[in-house]
Amino acid sequence: MKFHSHMNIALTQAKLAADRGEIPVGAVIAGPAGVIAEAGNRTRELNDPTAHAEMLVIRAACAALGQERLTGYDLYVTLEPCPMCAAAISNARIARLYYGASDAKSGGVAQGPRIFAHSQCHHVPEIYDGIAAAASQDMLRRFFADRRR
């Protein structure tokens with residue numbers, strides 16, 4: 001089976017989030033039939049601290065499929081998921097996690113608490129990092145640089 005990345009769609013969602021004044025993080029869930037959901041951060045817009053791109057895309061995919069598990073589905077996200085999102089990824093039983101930039105400050109996969117390494121973690125997806133990392137990092141740097149001006 002040939003690998004096909006959907007990170008370009010996640011990057012588009014991150015750009016749309018930035019345009020809304022949100023931290024530019026985008027996410028996509030894809031399965032055998034292709035992309036089933038895409039989202040960008042909306043924490044400020046929705047006044048909801050859980051409205052991270054990953055949480056929104058998991059909710060949308062589950063709603064579209066009419067089920068609470070995403071077994072066999074892939075998640076593409078532009079930034080390493082935080083601990084909250086990593087726990088949701090595990091609970092949703094996502095098969096593969098592809099992410100772009102690492103997050104030394106708030107990451108929960110390879111940084112910080114490393115959620116998938118805990119014995120309480122019921123499901124660990126296959127993890128692939130560094131997918132379009134430079135583009136993801138550049139978008140985040142520009143976003144925060146513009147805020148500091």
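Distance check, rounded to the nearest 0.5 Å: CG of N8 to OH of Y76 gives 10.0 Å. Once rounded to the nearest 0.5 Å, the distance linking CG of L79 with CG of D103 reads 4.5 Å. Taken to the nearest 0.5 Å, the NE2 atom of H6 stands 12.0 Å off from the CD1 atom of I131.
Listed by first then second residue, pairs satisfying ring-ring contact (aromatic ring centres under 6.0 Å, His included) with a partner in residues 121-149 read Y98-Y128, not counting sequence neighbours. Residue pairs meeting the salt bridge (charged side-chain N to carboxylate O under 4.0 Å, His left out) criterion with at least one member in residues 79-88, sequence neighbours excluded, do not occur.
Summarising the geometry of P113 relative to G107, their closest heavy-atom pair is CD-O, 3.6 Å, with the distance given to 0.1 Å.
At a threshold of 4.5 Å between side-chain heavy atoms, the hydrophobic network of Ile, Leu, Val, Met, Phe, Trp and Tyr places V25 and M7 in two separate groups. Under the 4.5 Å side-chain contact rule for hydrophobic residues, Y99 and F116 share a cluster. Put simply, L97 and L56 are part of two different groups of oily side chains (I, L, V, M, F, W, Y) that touch within less than 4.5 Å, one to the next.
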Enumerate, atom names and distances included, each donor-acceptor pair closer than 3.5 Å involving a side-chain atom of residues 26-38, sequence neighbours excluded.
residue : atom : partner : partner atom : Å
E38     : OE2  : Q13     : NE2          : 3.0

Determine all donor-acceptor pairs shorter than 3.5 Å in which one atom belongs to a side chain in residues 63-75; sequence neighbours excluded.
residue : atom : partner : partner atom : Å
Q67     : NE2  : R69     : O            : 2.8
R69     : NH1  : N91     : O            : 2.9
D74     : OD1  : R96     : NE           : 2.7
D74     : OD1  : R96     : NH2          : 2.9

Side chains of residues 134-141: which donor-acceptor pairs under 3.5 Å do they make with residues two or more places apart or in other chains?
residue : atom : partner : partner atom : Å
S136    : OG   : T78     : O            : 3.2
S136    : OG   : A132    : O            : 3.1
D138    : OD2  : R142    : NE           : 3.1
D138    : OD2  : R142    : NH2          : 3.2

Problem set entry | Worked verdict on V109 versus D129 for side chain to side chain contact (heavy atoms under 4.5 Å, CB included) | CA-CA 10 Å; V109 176; D129 62 351; over 6 Å; no
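Side-chain atoms of H52 do not come within 3.5 Å of backbone N or O of G40 as any donor-acceptor pair. Not a single donor-acceptor pair under 3.5 Å links the side chain of S90 to the backbone N or O of A86. Between the side chain of N41 and the backbone N or O of A53, at least one donor-acceptor pair lies under 3.5 Å.
M84 belongs to a hydrophobic cluster whose other members, connected by ILVMFWY side-chain contacts under 4.5 Å either directly or through intermediates, are M55.
Legend: residues meeting side-chain hydrogen bond (donor to acceptor under 3.5 Å, both in side chains) with T43, ordered by chain and number and at least two apart, are E22. Residues passing the salt bridge (charged side-chain N to carboxylate O under 4.0 Å, His left out) test with E45, sequence neighbours excluded: R20, R42. Under the rule for a side-chain contact (heavy atoms from CB on, under 4.5 Å), the partners of D48 that lie at least two apart in sequence or sit in another chain are L46, T50, A51, R59. The side-chain hydrogen bond (donor to acceptor under 3.5 Å, both in side chains) check on D19 picks up K15, with sequence neighbours excluded.
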